[in-house]
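Along the sequence shown, residues are numbered consecutively beginning with 1.
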Amino acid sequence: DDINYMSRQRIGLAPYFGSYNELSTWLILERMSMGVSFQEWRQIVRFYFKNVLFELGWAWQGFAIFNFMMHF
């Protein structure tokens with residue numbers, strides 16, 4: 001099966017409002033597909049405070065997701 005495209009869609013919800021100086025949280029559901037044969041759903045929790053972003057998640061197929069980003 002030749003994979004000729006990759007697609008990713010995300011939808012998120014912030015359960016509360018936070019300012020730049022407060023911890024903010026997002027709950028995210030992501031769908032990723034590569035070709036017609038590979039489809040994957042992921043649940044992600046995103047935290048950010050000022051210039052630091054941290055994501056933890058898991059795919060329904062059973063593996064963990066971790067992202068860390070800091071802007072200067």
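Applying the side-chain contact (heavy atoms from CB on, under 4.5 Å) criterion to Phe68, with sequence neighbours excluded, gives Val52, Phe54, Phe66, Met70. Gln61 pairs by the side-chain contact (heavy atoms from CB on, under 4.5 Å) definition with Glu40, Ala59, not counting sequence neighbours. Glu55 is linked by a side-chain hydrogen bond (donor to acceptor under 3.5 Å, both in side chains) to Arg46, Asn67, counting only residues two or more places apart in sequence or in another chain. With sequence neighbours left out, Trp58 forms a side-chain hydrogen bond (donor to acceptor under 3.5 Å, both in side chains) with Gln43.
Contacts classified as side chain to side chain donor-acceptor pair (under 3.5 Å) and involving residues 14-24 (residues at least two apart or in different chains) are given here: Tyr16-Thr25. Sorted pairs that involve residues 61-72 and meet salt bridge (Lys or Arg N to Asp or Glu O under 4.0 Å), not counting sequence neighbours, are lacking altogether.
Arg31 contributes atom CZ, which lies 14.5 Å from atom CZ of Arg10 (distance to the nearest 0.5 angstrom). In this structure, CG on Leu27 lies 12.0 Å from CD1 on Ile11, to the nearest 0.5 angstrom. From Arg8, atom CZ reaches atom OG of Ser33 across 10.0 Å, with rounding to the nearest 0.5 Å. In this structure, the separation between CH2 on Trp26 and CD1 on Ile44 is 13.0 Å, given to the nearest 0.5 Å. How far CG of Leu53 is from CE of Met69: 5.0 Å, rounded to the nearest 0.5 Å.
Leu56 and Phe49 fall within a single hydrophobic cluster, where Ile, Leu, Val, Met, Phe, Trp and Tyr are joined by side-chain heavy atoms under 4.5 Å apart, directly or via other members. No continuous path of hydrophobic side-chain contacts links Met32 to Ile28 [ILVMFWY only; heavy atoms under 4.5 Å].
The heavy-atom pair separating Arg42 from Ile65 by the smallest distance is CD-CD1, 3.4 Å.
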